[in-house]
Amino acid sequence: MWIQCITWTYNCIEVNKTKYKINYDKRAKQLHLEVGDRVLVRNESGHKLDNMYAGPFCVKAIKEPNVILFNENRKKEMVVHKNRLSKCN
């Protein structure tokens with residue numbers, strides 16, 4: 001009896017894990033970047049009247065799910081998660 005409960009619980013966890021992954025993949029931001037693209041970085045902290053984005057920055061390298069950006073003005077590199085980026089025209 002006890003082993004059946006554990007097995008049932010494990011199966012429910014696996015089914016829910018699969019459902020959550022499918023839903024997450026549907027909502028995840030699909031941003032296709034290449035080296036040399038120009039992007040804006042969303043400001044995570046700040047006041048509601050502050051600018052929402054900083055930049056533009058140049059993409060130097062891509063290491064999923066992070067992107068290495070290069071600031072041309074400051075000659076500085078920074079690593080940013082893909083979800084914080086928006087492509088710049």
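Everything numeric here is computed off the predicted structure, so don't read it as measured data.
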ask   = Taking all atoms of both residues into account, what is the closest heavy-atom pair of Glu77 and Phe70, and its distance?
value =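 Heavy atoms of Glu77 and Phe70 come nearest at CG-CD1, 3.9 Å.
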key: Shortest non-hydrogen contact between Ala61 and Val35, atoms and distance   =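 Between these two residues, the closest heavy atoms are CA-CG2, 4.4 Å.
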ask   = Any chance CD1 of Ile6 has more than 12 other-residue heavy atoms, nucleotides or ligands included, within less than 6.0 Å?
value =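 Count over threshold, so yes.
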ask   = If you draw a 6.0 Å radius around CE in Met52, do more than 12 non-hydrogen atoms from other residues or ligands fall strictly inside?
value =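 No, CE of Met52 has 12 or fewer neighbouring heavy atoms, counting only those of other groups under 6.0 Å.
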[X] side chain near [Y] side chain, heavy-atom distance below 4.5 Å:
| X | Y | answer |
| --- | --- | --- |
| Met78 | Asn71 | no |
| Val59 | Ile68 | no |
| Val80 | Asn66 | no |
| Val39 | Leu69 | yes |

query = Out of curiosity, Ser86 OG to Leu31 CG, how far, rounded to the nearest 0.5 Å?
reply =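 One gets 7.5 Å once the value is rounded to the nearest 0.5 Å.
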ask   = Rounded to the nearest 0.5 Å, how far apart are NZ of Lys87 and NE2 of His32?
value =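 Between atom NZ of Lys87 and atom NE2 of His32 there are 8.5 Å.
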query = Testing Leu85, Leu40, Val41 for side chain to side chain contact (heavy atoms under 4.5 Å, CB included) with Phe57, which one passes?
reply =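 Testing each of Leu85, Leu40, Val41 against Phe57, the sole residue satisfying side chain to side chain contact (heavy atoms under 4.5 Å, CB included) is Val41.
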Just list the side-chain donor-acceptor pairs under 3.5 Å for residues 11-18, sequence neighbours left out, or say none.
from: Asn11; atom 1: ND2; to: Thr7; atom 2: O; distance (Å): 3.4
from: Asn16; atom 1: ND2; to: Cys12; atom 2: O; distance (Å): 3.4
from: Thr18; atom 1: OG1; to: Glu14; atom 2: O; distance (Å): 3.0

Counterpart residues, side chain to side chain donor-acceptor pair (under 3.5 Å), relative to Lys82 (two or more places apart) =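 Partners of Lys82 under the side chain to side chain donor-acceptor pair (under 3.5 Å) test: Glu64.
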